[in-house]
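Encoded as structure tokens, the structure appears first; notes follow it.
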Protein chains: 2
Amino acid sequence: MKTVRTGSNMSAIAAALGVSAATVSNALSGKGRVSPELVEKVRAKAAELGYVPSLTARALRTGRTGVLGLVLPDIANPLFPQIAQAIENAAANAGFGVLIADSRGDIGQQTEAINRLLERGVDGMVIVPRRGTRIADVGCPVAVIDTPSTPGNTVSADHWDGGAQMGRHLAALGHRKVLLIGTGSSSNVQNDRIGGLKAGLGADVECETLWIEKVEALSGKGCPLGLAAKAKAGFTAFAAVSDLSALRALTELQRAGIRVPEKVSVTGFDDLVWSPVVTPALTTMRMDMAKIADLAVAALTGAIEAAGGIEPGMAGKVASGRDRVPMQLVVRQSSGVPNSHAQTSTIKPTAGELTR
Amino acid sequence: MKTVRTGSNMSAIAAALGVSAATVSNALSGKGRVSPELVEKVRAKAAELGYVPSLTARALRTGRTGVLGLVLPDIANPLFPQIAQAIENAAANAGFGVLIADSRGDIGQQTEAINRLLERGVDGMVIVPRRGTRIADVGCPVAVIDTPSTPGNTVSADHWDGGAQMGRHLAALGHRKVLLIGTGSSSNVQNDRIGGLKAGLGADVECETLWIEKVEALSGKGCPLGLAAKAKAGFTAFAAVSDLSALRALTELQRAGIRVPEKVSVTGFDDLVWSPVVTPALTTMRMDMAKIADLAVAALTGAIEAAGGIEPGMAGKVASGRDRVPMQLVVRQSSGVPNSHAQTSTIKPTAGELTR
DNA sequence: GGACCCTGCTTAAACGTTTAATCAGGATAG
DNA sequence: CTATCCTGATTAAACGTTTAAGCAGGGTCC
């Protein structure tokens, strides 16, 4: 009938000590006026009885569930593990649980997922919006993880600057004709990264952008991207805007017999799981997910605190406004000086510290 | 102070109709004895007022939170998105929410994560255990997703049979000397897959197993695995027990100028995101995560139902015992007849239906 | 025509907290 | 000596449901 609660509740420990339940509550929360000695006795008894507060009852009384919602555009996204892990960690540190909701890429499902979370009474939610979606006013504090160029209460990596760093890296290596590879132009994140790349490469470098979705619309999903031809045409660097695309580029080029990085360079974004273990290991940009998650959760807890007494209309705004967290360039073996005959020595093992 | 509830509760709609709150409850749940006409009126009024039941209050009264916990060994695992998505979906269909907990690979953190979930009052939990971990008796129904050879209430893919299928596939192609690649021998899943592979390949095929962790213990993380040498030694197939290892093998071989699949074949397991888009696209085994999740959630809901009135000691056992779900062979371009000079025509695009 | 059952509803308690209001008593102030 | 304040506790209500128990009235059975 009930979940197997340890049976000991506040009344039990109150009875054991001959005091009232309210006093126990005050003693444990440190809120009311309770003598220090009694506080000690209560603490001891609670520990002895293995008392575990009922978060449900507390939620009912206070209206706060202590749970944050995490809305993801598509859990199958390979970046998701990083996000979820970071958010879960940050939330746990702040004493919150994390309820997940997958919107399966569908925009309708996204609002439905949000509603499910609301019905469950989450105190706030962090939303990673589906590409191009704007989050309407939900009935609770919301933190959006996207890109700074998205309007709203956003915290995110500085994708533009990340692109710029990567652009400068490639330019410094001597690349003068580089192909930028993205999946689709509807993504704010990808657009920012590409904008940054162009800026970082500078005016002297010739750029062309290839959108995978466009190619696939013509030739079918998973089709070859024709990168070997691009290499023949003089492109010496292939800067993908995601590690998944970078991997695709890398394998396609290798398969065509074009050596990376001696002949051409390939770079990615996000430092996904496989980036350090492929050969050659991918040069990529890493986001500081832990910091992003901390900021998002901090913004939420702040808004939740502040929501005490404020009219519903005002809730939903996360104070912090916009935060952008710098990205970090991770240089591995897939980028190098173009058309170098210098064998890159023996490929040295990468420090494989995936877990930040 | 409170989460922004729409303000309308049962009492509101009871008052509006001049009946008691209990009647409203009965009408909406269909439990007590209420006249059909009144049920209709209550429904209408509820809709009109935009009534949303307080799951918190219900949880307090019934002892059921309607939330399932999902414990993962390491969210960063690339297989995780599939699991989480499937579980979330199955749980949502069954009317449950999903609370996540990451044990960060640490065994201590695993029990701690479980405790956090228990305190939050989850009705049950599905656990993907850390390699080699056995789940102790928690205080609630538990479904374990691992491998059938793990003792306990397990539901999982039939990893052994998956290995056997893959083994038969390679043997049928004519491979007679194959290298099996796993990360570490402490994983039940990987051991099952390797056992299946050996069985599927049959007695005529020469096998050798390479454990990545062992190699890395000597040469450092992310070091080359020396696969080119293995190819020279006559191995024509590299059957990895995970797509991540397969990808590592594929890129290492390609980089060494060994053509896949003309010269050697490479196969993986799990059909992870990148498998269809690398060149050549990976031949792999897919698990039917949706079915696994359905079984796990069904087992849990069953146990939760049944837990009404049973002594705590008996709870925790999931009735279904063990379920094993068949895996599906996905043949793409990375496997073929060994040492064939027949160029595999033009590499045809794979049907990229990632989403099962 | 009385005993009995069925229907449709109400009353009241309970779940385990938090918290506002109250209160007894001692100390302090005037 | 009384009015006031502070301290350390208690009482009671409240959060929004669910559910066991009760009850009034009409029908049925013999």
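Within every chain, numbering begins at 1; the chains are lettered A, B, ... in the order of the sequence lines, protein sequences first and strands thereafter.
By the side chain to side chain donor-acceptor pair (under 3.5 Å) test, B:Thr301 is found to be paired with no residue, residues two or more places apart in sequence or in another chain being considered.
Interatomic distance, A:Gln110 CD to A:Ile107 CD1, rounded to the nearest 0.5 Å: 5.0 Å. Note that OG1 of B:Thr65 and CZ of B:Arg120 are 11.0 Å apart. Values are rounded to the nearest 0.5 Å. To the nearest 0.5 Å, the span separating CD1 on B:Ile100 from CZ on B:Arg116 amounts to 10.0 Å. Of the inter-residue distances, the one linking B:Ser20 atom OG with B:Met10 atom CE reads 10.5 Å to the nearest 0.5 angstrom.
Rounded to a whole Å, the CG atom of B:Leu28 is 15 Å from the C1' atom of D:dT19. Distance CG (B:Asn9) to P (D:dA14): 13 Å, rounded to an integer number of Å. The distance from atom CE of A:Met10 to atom C1' of C:dC15 is 14 Å, rounded to the nearest whole Å. Distance B:Lys31 NZ to C:dC9 P: 19 Å, rounded to the nearest Å. Taking atom CZ of A:Arg64 as the reference point, atom P of D:dA14 lies 21 Å away to the nearest angstrom. Protein atom CG of A:Leu38 is 16 Å distant from nucleotide atom P of D:dT7, rounded to whole Å.
The closest side-chain heavy-atom distance from A:Ile145 to A:Val155 is below 4.5 Å.
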A:Leu68 vs A:Leu99, side chain to side chain contact (heavy atoms under 4.5 Å, CB included): CA-CA, chis, key distance, verdict: CA-CA 6 Å; A:Leu68 260 32; A:Leu99 215 40; over 6 Å; no
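Checked for salt-bridge contact, B:Lys45 and B:Glu48 meet the test: a charged N lies under 4.0 Å from a carboxylate O. A:Glu112 and A:Arg104 are not joined by a salt bridge, as no carboxylate oxygen comes within less than 4.0 angstrom of a charged side-chain nitrogen.
Using a 4.0 Å heavy-atom cutoff across all strands shown, B:Ser35 reaches sugar-phosphate atoms only and no base atom.
Heavy-atom distances under 4.0 Å link DNA chain C to no residue of residues 13-21 of chain A.
A sub-4.0 Å separation between OP1 or OP2 of C:dT17 and a side-chain N or O of A:Ser25 is absent.
Across D:dT19, C:dG16, C:dT17, the shortest atom-to-atom separation from the side chain of A:Tyr51 is found for C:dT17. Nearest nucleotide to the side chain of B:Leu60, out of D:dA9, C:dC15, D:dT19: C:dC15.
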statement: Readout for nucleotides 20-27 of chain C: B = base within 4.0 Å of protein heavy atom, S = sugar-phosphate only, - = neither; 5' to 3' it is --------
